[in-house]
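The structure appears right after this line, and notes come after that.
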Protein chains: 2
Amino acid sequence: MAGSTRDRLIDAAARTLAEHGMAATSARAIGSRAGVNPALIYYHFDSLVGLLVETSRHLTQQRALTYQQRLAPVRSLSELAAVARGLHQEEHASGNLSVLAQLLAGSRTHPELATALNDNFDLLANEVASTLERLLTDSALAGLLDTDQVARAVSAGFIGIELLDTISAGDDAALFDTLDTITALVDAVLDAGTIPTALIRRRIRTGGPTSPQVGLG
Amino acid sequence: MAGSTRDRLIDAAARTLAEHGMAATSARAIGSRAGVNPALIYYHFDSLVGLLVETSRHLTQQRALTYQQRLAPVRSLSELAAVARGLHQEEHASGNLSVLAQLLAGSRTHPELATALNDNFDLLANEVASTLERLLTDSALAGLLDTDQVARAVSAGFIGIELLDTISAGDDAALFDTLDTITALVDAVLDAGTIPTALIRRRIRTGGPTSPQVGLG
DNA sequence: GTCTATAACTCGATAGAC
DNA sequence: GTCTATCGAGTTATAGAC
């Protein structure tokens, strides 16, 4: 509750976005939740969208350091999956992930949000990408995977999961259990050193789906 | 342009959602785009949200058959990835994916949207899940992966990618190339029959990240 | 089924007092 | 830096003519 009016407005904006969504995040709703006159939004941030941009920036910078510290000690994909699961849980519980999802959706209506979100998102995704790059160096997968894109795909997954959680709440545990299984599998295969990388590279070069092949049976 | 007024409204709602987002999808905007009086929304659908619910239902049922037909001949994970990539491309280009993302975001503000979206989403996700189930039967991964959750994760990824595309448009090709690499890798490993499933099952039982182990180097 | 007109309300944003 | 008061435009939704 404490803090400057400016901080209270940012906090109220985030809470309103997370709980009631973009459409319900009006100047009046934010001011009411902050216990502050809505007109102060325009004094401190020029516009309502300006407040939302600052909200995104504030949350991102607040989290970037946490990401760095958590990812630094990671030494395997399984560990990375465990850390990612923990981070997701925090971002979900705190509402940060919902805020991001709502702002992303709103950026289609308010294009000035898009550029700000893009910078902020990269800040966090790059932490994941560099961690992946470090883990895969000297492994059989080195150079085979575009770590930036993997990080992007994982981040996209988190955002999508958050939105799906809106309509069918709760069973994210089963989903993350499955993701843990997958990463444990990849780890095990990497440890065993049995990846036929030459075969994979050949398939990738040919582009299309697998050549004449009998399937998985 | 043709079709009944009802159909024109549904089409106009979808287009407006995809291009301008939830916040800009007002009765006036939809009516204007449909070339129809906005009051007709309330005659045909009772409310604006009612129109959005019908829009979701219409798009989903229209696509369910396509999914079934495309997924039926799939015989490997690589093929599945290729089909998924094609379906994603269609849903993105047609705007269906953007519509889904916007409705999901809007369902936080309009809870009555959530239940409708939940049913519709399951319809498509179940197609993917049953395909996965079929592919993995008799493979080394049978029973190890929760195919419902994998389908859910992949669907979530698509939705997230769509939202990220709003703020940094365009480079989805690199992302899907990376996903193709991953599936090719999994296929190759499955074909080689070198998955140490016993090891994986043991790790999963213990729960935590990998036991004493030197990492990937 | 489709239209006009409008009620009742909320929106973002500003002017100006303090 | 914070407030009140308000403008002008937009919103959903309805009543009633045709």
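So you know, we letter chains A, B, ... as the sequences are listed, proteins then strands, and number each from 1. No hydrogens, no waters, no symmetry mates; every other heavy atom, side chains included, goes into these values. Small disclaimer: the values here were computed from a predicted structure and weren't measured.
With rounding to the nearest 0.5 angstrom, the OG1 atom of Thr131(B) is 11.5 Å from the CD atom of Glu79(B).
Side-chain contact annotation: Thr178(B) with Arg152(A), donor-acceptor N/O pair under 3.5 Å absent. Side-chain contact check for Ser56(B) and Asn120(B): at least one donor-acceptor pair (N or O, by modelled atom type) lies under 3.5 Å.
As rounded to whole Å, 14 Å separates atom P of dA13(C) from atom CG of Leu9(A). One can place CG of Leu40(A) at 15 Å from P of dG12(C), the figure rounded to the nearest angstrom. Rounded to an integer number of Å, the gap from CD1 of Ile41(A) to C1' of dG1(D) is 15 Å. For the pair Tyr43(B) OH and dT4(C) P, the computed distance is 17 Å after rounding to whole Å. To the nearest angstrom, C1' of dC11(C) lies 11 Å from NE2 of His110(A).
Two residues are said to be in side-chain contact when any heavy atoms from C-beta on lie closer than 4.5 Å; Arg75(B) and Leu80(B) fail this criterion.
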Next item on the list: Any chance you could list the contact pattern along nucleotides 4-18 of chain D? Use B for base contacts, S for sugar-phosphate-only contacts and - for none, protein heavy atoms under 4.0 Å, 5' to 3'.
Entry: B-B----BBBB----

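Shown are Arg63(B), Arg85(B), Arg70(B); of these, the salt bridge (charged side-chain N to carboxylate O under 4.0 Å, His left out) with Glu91(B) is made only by Arg63(B). For the side chain to side chain contact (heavy atoms under 4.5 Å, CB included) with Ser107(A), the lone residue among Leu52(A), Leu113(A), Val49(A) that qualifies is Leu113(A).
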